[in-house]
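Below is the structure I would like to discuss, written out as structure tokens.
Below, all heavy atoms of this structure are taken into account, side chains as well, without hydrogens, waters or symmetry copies.
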Amino acid sequence: FEIIIFNKEEQEEENMATSKEFRVVGKDMVDYICDYVDTIEQRPPLAQVEPGYLQKLIPHEAPQKAESWEEIKKDIERVIMPGVTHWHSPHFHAYFPTGNSFPSILGDMLSDAISCIGFSWIASPACTELETVVMDWLGKMIKLPESFLAGEKGLGGGVIQGSASESTVVALLAAKMRVIRRHQETNPNLDQFDILPKLVAYTSDQSHSSVERASLIASVRMRQLATDDKHSLRGDTLLEAMKQDRARGLIPTFVSHTPLHSPLPFHCCRLTAPSCKDEDIWLHVDAAYAGSAFICPEYRSLLNGVEFASSFNFNPHKFMRVNFDLSAMWVKDKRDIVGAFHVDPVYLQHEHQGLVEDYRHWQIPLGRRFRSLKLWFVLRMFGVEKLQEHIRHQVKLAREFKALVMSDSRFTVEAEVILGLVCFRLKGTNQRNKDLLDRINKTGKIHMIGTQLKGRYILRFAVCAATTESRHVMYAWQVIKHCANDLLSDVDEFKEASLTNGENGTAEACISPD
């Protein structure tokens, strides 16, 4: 007994020392984070290192004895920061935004301190119930149809997934199992593996690669259908494809359209949704980036048609100041998603089952973090109005960039600019645009990416960082113009040299094959 008391007192002293140290180190870390955010503009947006750089800077084995915070802090700048691509730099214009804010960081700090594994209600009731509440908050903010909300006794509801890709996988798996169950109800002798090879899902030829990956994970064949001149999948195209597949003995199961080049899937939603409803096909609407904008009344009409969907998701961690990872997903009938993932071993059961949600049945993993805390903090510390201001500011900056592109006759805007993304290109070959992007990124001043749009290579300018201002947009345009000037000057010099040497063919074709 004396030994137990001694060890307990010793442990309490150790815990106190640890918490005291954390108060000091934690404050130091907060200061470092604030300094990093305040000076991020001074760092190159794209990491300027070569593969394998980090292994040369640290030992090959973990330390046997504890190291001091001071030693570790020094290595943040020496080892880590050189290899960081700074997504929150106002000079970062690649991909789409990733959310970040001090309220969200605070929420993650508390989540990490609580460190619960909220797979069921009993595992941490607050973790489950706060998620249900804030998902309804969020759904009401974007005026989702009530059928998607949990409410008091609704069949719908929201759940936090890790990413939009994960949401698509979950939706496809739920759709797959719903169709299999229906066919087994009419023919109990059928095994699910007899039905599975006949299932077919549909997306467009402009969809994000995550849809194709979802089909690989779910083992459901996926057809990529041609889009119209607005890069949208039309209802008549979808209906014809389903008709063809039914004639082949296949079972249309699922439709998803997630455009890579446009922030909006809703041209497709409005065009295909009635067809999905008539054919009783699961329609999943992914508004990963654009969804946050629907909290602004002027963009809410873009969501029209979602009432026909079976599931919907968007990423507050892109455009709503919430740190990764937090993808908001809603379903109209939670029985479909629970039915697809329900496994209930004795050791996970509790007395309140059936009266409350157990979110382990709404996702692929068993464990889940207390992610609703950071969303709760962001919604309360910003309020809807401040979040609306942020979105409108980002859209305004994108339109400023679009005006700059259109003022230069050497460039063209390649897709409708609706939110914070501008797709454009330099007139000429695909290779010319690839060369231009390469020059832009090699300056180290801004970072952008390119992509293919119906065979044409284009450059994507995304307004990403919350700190981006008009001066950063102008700065980026100056960098782009300077690189274009140099590129075209080099082409002209090559042409002149070719003519002087009497070479046949166009010089640009020699150096820039399309």
Worksheet item: What are the two closest non-hydrogen atoms of Pro316 and Ala328, and how far apart are they?
Response: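 In this case the closest contact between Pro316 and Ala328 is CD-N, 3.8 Å.
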
Worksheet item: Does the pair Ser215 and Ile217 meet the rule for a side-chain contact (heavy atoms from CB on, under 4.5 Å), with working shown?
Response: CA-CA 5 Å; Ser215 75; Ile217 294 169; over 6 Å; no

Discussion item. Check for me whether Arg360 meets the cation-pi criterion with Trp362, that is, NZ or CZ under 6.0 Å from the six-membered ring centre and within 45 degrees of the ring axis.
Written reply: no

Item to complete: Answer yes if the side chains of Gln349 and Gln353 hold a donor-acceptor pair under 3.5 Å, and no otherwise.
Response: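 No, no side-chain donor-acceptor pair sits under 3.5 Å.
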
Item to complete: Return each pair, listed once, that meets side chain to side chain donor-acceptor pair (under 3.5 Å) where at least one residue sits in residues 92-106; pairs must be two or more places apart or across chains.
Response: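 Output for this query lists Asn100-Asn323, Ser104-Asn323.
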
Worksheet item: Taking only residues two or more places apart in sequence, or in another chain, which ones meet Glu41 in a salt bridge (charged side-chain N to carboxylate O under 4.0 Å, His left out)?
Response: Arg471

Discussion item. Quick one: does any side-chain atom of Asn304 pair with a main-chain N or O of Ser301 as donor and acceptor, under 3.5 Å?
Written reply: yes

Discussion item. Within the structure provided, determine whether Val405 and Phe461 are in side-chain contact (heavy-atom separation under 4.5 Å).
Written reply: no

Discussion item. Using every non-hydrogen atom in the two residues, find where Ile160 and Met135 come nearest and quote the distance to one decimal.
Written reply: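 Taking every non-hydrogen atom into account, CG1-SD, 3.9 Å.
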
Worksheet entry | CZ (Arg335) with more than 12 external heavy atoms under 6.0 Å |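 For Arg335, atom CZ is not crowded (no more than 12 foreign heavy atoms under 6.0 Å).
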
Worksheet item: Does Val422 offer a backbone N or O that forms a donor-acceptor pair with the side chain of Lys402 under 3.5 Å?
Response: no

Worksheet item: Within 45 degrees of the axis of the six-membered ring of Tyr36 and under 6.0 Å from its centre: does Arg43 put its NZ or CZ there?
Response: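 Geometry flag: not set, cation outside 6.0 Å or 45°.
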
Worksheet entry | Set of side-chain contact (heavy atoms from CB on, under 4.5 Å) partners for Met109, sequence neighbours left out |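 By the side-chain contact (heavy atoms from CB on, under 4.5 Å) rule, Met109 matches Ile105, Leu106.
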
Worksheet entry | Side-chain heavy-atom pair Phe312, Met329 within 4.5 angstrom cut-off |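 Phe312 does not reach Met329 side chain to side chain.
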
Item to complete: Could you name each residue pair satisfying side chain to side chain donor-acceptor pair (under 3.5 Å) that touches residues 109-118, not counting sequence neighbours?
Response: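 Non-adjacent pairs meeting side chain to side chain donor-acceptor pair (under 3.5 Å): zero.
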
Practice prompt. Would you confirm whether Tyr53, through its side chain, and Gln48, through its main-chain N or O, come within 3.5 Å as a donor-acceptor pair?
Written response: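 No: the side chain of Tyr53 does not pair with the backbone of Gln48.
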
Discussion item. Taking the ring of His361 and the ring of Phe341, is the distance between their centroids below 6.0 Å?
Written reply: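 No; His361 has its ring centre 6.0 Å or more from that of Phe341.
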
Practice prompt. Determine the minimum heavy-atom distance between Met448 and Ile446, stating which atoms define it.
Written response: SD-CD1, 3.9 Å

Worksheet entry | Spacing of CG belonging to Leu437 relative to CD1 belonging to Ile449, to within rounding of 0.5 Å |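 Here the interatomic distance stands at 8.5 Å.
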
Worksheet entry | Flag for Ser120-Tyr359: side-chain donor and acceptor within less than 3.5 Å |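 On atom types as modelled, these side chains do not qualify, holding no pair under 3.5 Å.
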
Worksheet item: Would you say the side chain of Ser310 lies within less than 4.5 Å of the side chain of Lys332, judging by non-hydrogen atoms?
Response: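 Answer no - side chains too far apart.
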
Discussion item. What verdict does the ring pair (Phe, Tyr, Trp, His ring centres under 6.0 Å) test give for His91 and His447, after you've listed the backbone C-alpha separation in whole Å, the side-chain angles of each residue and the deciding distance to 0.1 Å?
Written reply: CA-CA 7 Å; His91 301 308; His447 180 44; over 10 Å; no

Fill in: From OG (Ser256) to CG (Asp286), nearest 0.5 Å
6.0 Å

Practice prompt. Measure across Ala150 and Thr132 and return the closest heavy-atom pair with its distance rounded to 0.1 Å.
Written response: CB-CG2, 3.9 Å

Worksheet item: Any ion pair linking Glu185 and Arg182 (charged N to carboxylate O, less than 4.0 Å)?
Response: no

Item to complete: Report the C-alpha separation of Asn315 and Phe319 in whole Å, then their side-chain angles, then the decisive distance to 0.1 Å, and conclude whether the side-chain contact (heavy atoms from CB on, under 4.5 Å) test is met.
Response: CA-CA 7 Å; Asn315 292 343; Phe319 207 12; over 6 Å; no

Item to complete: For the residue pair His208 and Ser210, confirm or rule out a side-chain donor-acceptor distance under 3.5 Å.
Response: yes

Worksheet entry | From CG (Leu326) to NZ (Lys374), nearest 0.5 Å |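 The distance works out to 5.5 Å.
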
Worksheet item: Do Arg371 and Asp108 sit within salt-bridge range, that is, some charged N less than 4.0 Å from a carboxylate O?
Response: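 The answer is no: the pair does not qualify as a salt bridge.
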
Fill in: Side-chain heavy atoms of Thr253 within contact of Ile281, under 4.5 Å
no

Worksheet item: Is Arg178 paired with Asp333 through a side-chain N to carboxylate O contact shorter than 4.0 Å?
Response: no

Worksheet entry | CE (Met29) with more than 12 external heavy atoms under 6.0 Å |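 Enclosed: over 12 neighbouring heavy atoms sit under 6.0 Å from CE of Met29.
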
Worksheet item: Taking side chain as C-beta onward, heavy atoms only, is Val255 less than 4.5 Å from Leu238?
Response: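 When only atoms from C-beta onward are counted, Leu238 and Val255 do touch, with a gap below 4.5 Å.
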
Response to the item:
Correct closest heavy-atom pair for Ser89 and Ala465 would be O-CB, 3.4 Å

Worksheet item: Does the side chain of Asn433 pick up a donor-acceptor pair with the side chain of Arg456 at under 3.5 Å?
Response: no

Worksheet item: At what distance, to the nearest 0.5 angstrom, does OG1 of Thr237 lie from CE of Met242?
Response: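 Rounded to the nearest 0.5 Å, the OG1-CE separation comes out at 11.0 Å.
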
Discussion item. With no hydrogens and no angle check, just 3.5 Å: does a side-chain donor-acceptor pair link Glu469 and Thr467?
Written reply: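 No donor-acceptor contact under 3.5 Å links the two side chains.
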
Practice prompt. Using modelled atom types only, decide if a donor and an acceptor are shared between the side chain of Gln363 and the backbone of Pro365 within a distance under 3.5 Å.
Written response: yes

Fill in: Qualifying ring pair (Phe, Tyr, Trp, His ring centres under 6.0 Å) pairs with a residue from residues 106-125, counting only residues at least two apart or across chains
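Checked against ring pair (Phe, Tyr, Trp, His ring centres under 6.0 Å) - neighbours excluded - the pairs reaching residues 106-125 are Trp121-His352.
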
Item to complete: Answer yes or no for Lys434 and Tyr457: cation-pi contact, defined as NZ/CZ to six-membered ring centre under 6.0 Å and angle to ring axis within 45°.
Response: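 So Lys434 does make the cation-pi contact.
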
Fill in: Atom pair CZ/CZ of Phe377 and Phe382 - distance to nearest 0.5 Å
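Going from CZ on Phe377 over to CZ on Phe382, the span is 13.0 Å.
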
Worksheet item: Can Thr203 and Glu212 be said to form a side-chain hydrogen bond (donor to acceptor under 3.5 Å, both in side chains), step by step?
Response: CA-CA 8 Å; Thr203 189; Glu212 184 178 357; over 6 Å; no

Worksheet item: Does Glu166 reach the main-chain N or O of Gly162 with its side chain, forming a donor-acceptor pair under 3.5 Å?
Response: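 Pair found, side chain donor or acceptor close to backbone of Gly162.
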
Practice prompt. Using a 4.5 Å cut-off on heavy atoms from C-beta on, say whether the side chain of Gln192 contacts that of Arg181.
Written response: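 SC-SC contact between Arg181 and Gln192 ruled out.
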
Item to complete: Sort out for me which residue in Leu110, Leu130, Ile117, Thr128 forms a side-chain contact (heavy atoms from CB on, under 4.5 Å) with Phe370.
Response: Leu130

Worksheet item: Looking only at side chains, do Asp325 and Gln161 share a donor and an acceptor under 3.5 Å apart?
Response: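 Not at all, the side chains of Asp325 and Gln161 share no donor-acceptor pair under 3.5 Å.
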
Item to complete: May I have the step-by-step check of side-chain contact (heavy atoms from CB on, under 4.5 Å) for Leu375 and Trp137, ending in yes or no?
Response: CA-CA 10 Å; Leu375 179 58; Trp137 279 13; over 6 Å; no

Practice prompt. Please report the C-alpha distance between Val211 and His284 in whole Å, then the side-chain angles of each, then the deciding distance to 0.1 Å, and finally whether the side-chain contact (heavy atoms from CB on, under 4.5 Å) criterion is met.
Written response: CA-CA 10 Å; Val211 182; His284 176 66; over 6 Å; no

Worksheet item: So, do Lys198 and His183 sit near enough that their side-chain heavy atoms are less than 4.5 Å apart?
Response: no

Worksheet entry | Spacing of CZ belonging to Phe148 relative to CG belonging to Leu155, to within rounding of 0.5 Å |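 The CZ atom of Phe148 sits 12.5 Å away from the CG atom of Leu155.
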
Item to complete: Considering non-hydrogen atoms only, spot the tightest contact between Ser311 and Ala171 and give its length.
Response: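 So the minimum-distance heavy-atom pair works out to OG-CB, 3.6 Å.
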
Discussion item. Gln388: which residues meet the side-chain contact (heavy atoms from CB on, under 4.5 Å) condition with it, sequence neighbours left out?
Written reply: Ile295, Cys296, Pro297, Val384, Glu385, Arg392

Item to complete: Count the heavy atoms of every other residue, nucleotide or ligand shown that sit under 6.0 Å from CZ of Arg246, and state whether that count exceeds 12.
Response: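 Buried by this count: over 12 neighbours within 6.0 Å.
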
Worksheet item: Quick one: does Phe424's side chain get under 4.5 Å of Ile480's, heavy atoms only?
Response: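 SC-SC contact between Phe424 and Ile480 confirmed.
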
